[in-house]
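Below, chains carry the letters A, B, ... as their sequence lines are ordered, and counting in each starts from 1.
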Amino acid sequence: MTAQKAATLAIAIAVAIGLAGCGTVHGSRAHNSGRLISSSGSHKMSKVTLDPAARRFMRKVPYGDTGYPGLDLILAPAPARTVATPARTVRVMRLFYKLRVAQAILGKRLRSPEVTYWIITDYNPLPGMKPGAKFPAIVLTYRNIACEAYGPPSFHGPRKRICTTVAFYDLDNSRWLGIYQYNDHLSAIKKT
Amino acid sequence: MRMKEREDGTPRHATSWRMMNVVMVLVLLAAVSAEQILTRNGDRMARAEVFDCLTESHYFDGKGDKTTANRLGAAATISERFGAVCDNDQSSFNFVTTWAMISPSNGLGWAQSGYLRWYNHCNIVFAQDSPDGSAVHTFTGTTCQQDGGQTNIFTESYDGGCSCIDQYEGGRILQHTMYDPTKRWSTPWQPQFFGEAASLSSDMPGNSGSPEQFTNLKYQDSSGFHNYPCMVLTPRNDGAHKRTDGEEWFNETPTCPNFNIYTDTAG
């Protein structure tokens, strides 16, 4: 697909989502929605200090991809042919808005996600999912969402946090993989 | 006037006798229907929360290990029960949760997994860990669980392969620590098994007839997982006093070391 067609597709999706009143699409090129999802902008491997466990995981993350060390999840840029159509994107987002867990976590911010398209290239297998399976995904990201530290009775510090909140949707199997919240910049790392 | 609803479906107050009468009839019908439904299901759930959340903090009902011998993990089978939360905070900060956890004794770090629900929500599975008590990483499932006493095993297991703690629901790793807790946490690490709520006006899940059960309690050390013997875990119940609605939280040990927590009429 030419860059012009890809750009047109991205604009079409953005317009559709805009008309549906639900969120924004990031990435001017649909074939590369390679935008880092992180609590504080882009982080290069060379600029962050990772624990050995996370460093081991990041070794298997290809350059240009984004790794979530705590989930063993890798996001690769999505080719244009795998990007969901505007109509499907809107359907997925409406499904999300109906999820009670999403309503509870996101409250009034529910309908203002950043929408991005990716290929998930690795993830802890869910029932029926083969290890190493690759599949297209829609990722909804919300920044500055209130979240809670549960923790043990012996923890006496403040319990409220401000988190980046990310929801992953498996387009092949039409299911949500889960919602992930974090408040540090090491939870989502783009390898550059 | 639109009235605020309680989680048990009863109104808080009425503005006139007429409204009061209508409400009384509706409540009666609702109560009869609810009674029939609950009786039919054989699962009379605790739905007795107090409307006003009052002072919100973190309150616990369950048991913890105060061992000075270092442990590496924890596991428990936890039943799924409904716990009503207070009503005038409808945000995600108004929650009730039950979990298994491993944490350092100073509380500055943890790894846990279990059930979680918020106001007007259903039970979901979740996992959370923290390297230091400041950063938190939380995974929440998106599927509503049941609340009829079904059970699930929640395990926090130190994994030497990744030098991390895997947080399980059944056989599925929900997430794992992206750091090596042996490098971050002080010792000793202590297993914990608790119900937790943001308000004492909320209910611990279950009631005396259908309590929230913690069974198959285990700890992990360097040689693997072991069943807890009796009389090792220390109970804690922050809600062991009569509330304004006449209910209180309970913490009972019918078959040691297994224990039940629930909310019911204060004894």
At a 4.5 Å cut-off on heavy atoms, which part of A:Ala146 comes close to chain B: side chain, backbone, both, or neither? both
Nearest-0.5 Å distance that lies between atom CG in A:Asp72 and atom SG in B:Cys162: 8.0 Å
Can you confirm whether A:Arg56 sits close enough to B:Ser163 that some side-chain heavy atom of one is under 4.5 Å from a side-chain heavy atom of the other? yes
Interface residues of residues 129-142 of chain B facing chain A - non-hydrogen atoms under 4.5 Å apart: B:Gly133, B:Ser134, B:Ala135, B:Val136, B:His137, B:Thr138, B:Phe139, B:Thr140, B:Gly141, B:Thr142
Checking A:Arg100 now: which residues fulfil salt bridge (Lys or Arg N to Asp or Glu O under 4.0 Å) with it, not counting sequence neighbours? none
Interface residue of largest heavy-atom contact number with chain B, from A:Gln103, A:His156, A:Lys160, under 4.5 Å: A:Lys160
Within-4.5 Å side-chain heavy-atom neighbours: B:Phe93 and A:Glu148: yes
By a 4.5 Å heavy-atom criterion (distance strictly below it), what part of B:Tyr179 contacts chain A: side chain, backbone, both, or neither? both
Heavy atoms only: give me the nearest B:Trp110-A:Pro152 pair and the separation to one decimal. CE3-CD, 3.4 Å
Smallest separation among heavy atoms of A:Ser154 and B:Pro104, with atom names: OG-O, 4.2 Å
With a 4.5 angstrom heavy-atom cut-off, is it the side chain or the backbone of A:Pro153 that approaches chain B, or both, or neither? both
Flag the pair A:Phe155 / B:Asn106 as yes when at least one side-chain heavy-atom distance between them is below 4.5 Å, and no otherwise. no
Of the non-hydrogen atoms in B:His121 and A:Ala104, which two are nearest, and what is the gap between them? CD2-CB, 4.0 Å
When only pairs under 4.5 Å are counted, which of A:Thr165, A:Val101, A:Leu106, A:Leu99 shares the most heavy-atom pairs with chain B? A:Val101
Within the supplied structure, the quantity of interest is the number of heavy atoms (other residues, nucleotides, ligands) at a distance under 6.0 Å from A:Lys60 NZ; does it exceed 12? yes
Which of the residues B:Gln192, B:Gln190, B:Arg184 is involved in the greatest number of heavy-atom pairs with chain A at under 4.5 angstrom? B:Arg184
Between B:Arg117 and chain A, which part of the residue has a heavy atom less than 4.5 Å away: side chain, backbone, both or neither? neither
Heavy-atom pair count under 4.5 Å with chain B, highest-scoring of A:Ala54, A:Gly157, A:Ala149, A:Ala53: A:Ala149
Roughly how far, to the nearest 0.5 Å, is the NZ atom of A:Lys108 from the OG atom of B:Ser91? 11.0 Å
Neighbour count >12 (heavy atoms, 6.0 Å) for atom CG, A:Leu95: yes
Less than 4.5 Å apart, side chain to side chain, heavy atoms only: is that true for A:Ile105 and B:Trp118? yes
Looking at every non-hydrogen atom in both residues, tell me the closest pair between B:Arg172 and A:Leu177 and how far apart they are. NH2-O, 3.5 Å
Contact between A:Asp51 and B:Met178 at the side-chain level, heavy atoms closer than 4.5 Å - yes or no? no
Max heavy-atom pairs within cutoff under 4.5 Å with chain A, candidates B:Asp238, B:Asn120, B:Thr97, goes to B:Asn120
Relative to chain B, which of A:Pro158, A:Cys147, A:Gly151 shows the most heavy atom pairs under 4.5 Å? A:Gly151
Options B:Lys183, B:Met101, B:His58, ranked by heavy-atom pairs under 4.5 Å with chain A, top entry: B:His58
Chain A heavy atoms under 4.5 Å from B:Thr143: which part of the residue, side chain, backbone, both or neither? neither
Which region of A:Ile179, side chain (C-beta onward) or backbone (N, CA, C, O), has a non-hydrogen atom less than 4.5 Å from a non-hydrogen atom of chain B, or is it both or neither? both
So for atom CD, which belongs to B:Gln150, do other residues, nucleotides or ligands contribute more than 12 heavy atoms lying within a distance under 6.0 Å? yes
Under 4.5 Å from a heavy atom of chain A, the part of B:Tyr59 involved: neither
